[in-house]
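Below, all heavy atoms of this structure are taken into account, side chains as well, without hydrogens, waters or symmetry copies.
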Amino acid sequence: MRVAAFPTFRKLYSRILMELNPELKNGLESGNYRLTVHYRYPVLYYQSKKFFVLSTTSIFGAKNLMIGIVYLVVGALLLVLAGAFAFIAKKDLHTFLGQ
């Protein structure tokens, strides 16, 4: 396992693919579920804990939508700046060559 970049991290263990299971079309049924956690990676040495998290992901893959929106806004801003710089460079090249 690689070293984590941050002190708290999540590692994806499994995914429930609803499209492959027709009976899960509307999600998991309410009820009790049993989870067995094995001690394959020692955490006591690092004074750490293990947690089990059920989560959903957005279309951008992150656990929240904000990071995807920030990526899109920054990408659009950089695209506009690249176009502006290209326009300025072309304009300055024409005046430099005397055209």
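- Between the CD1 atom in I88 and the CG atom in L81 there is a gap of 9.5 Å [rounded to 0.5 Å].
- Among residues two or more places apart in sequence or in another chain, the side-chain contact (heavy atoms from CB on, under 4.5 Å) test is passed with V73 by I69.
- Annotation: F85, atom CZ; neighbour count of heavy atoms from other residues, nucleotides and ligands within 6.0 Å does not exceed 12.
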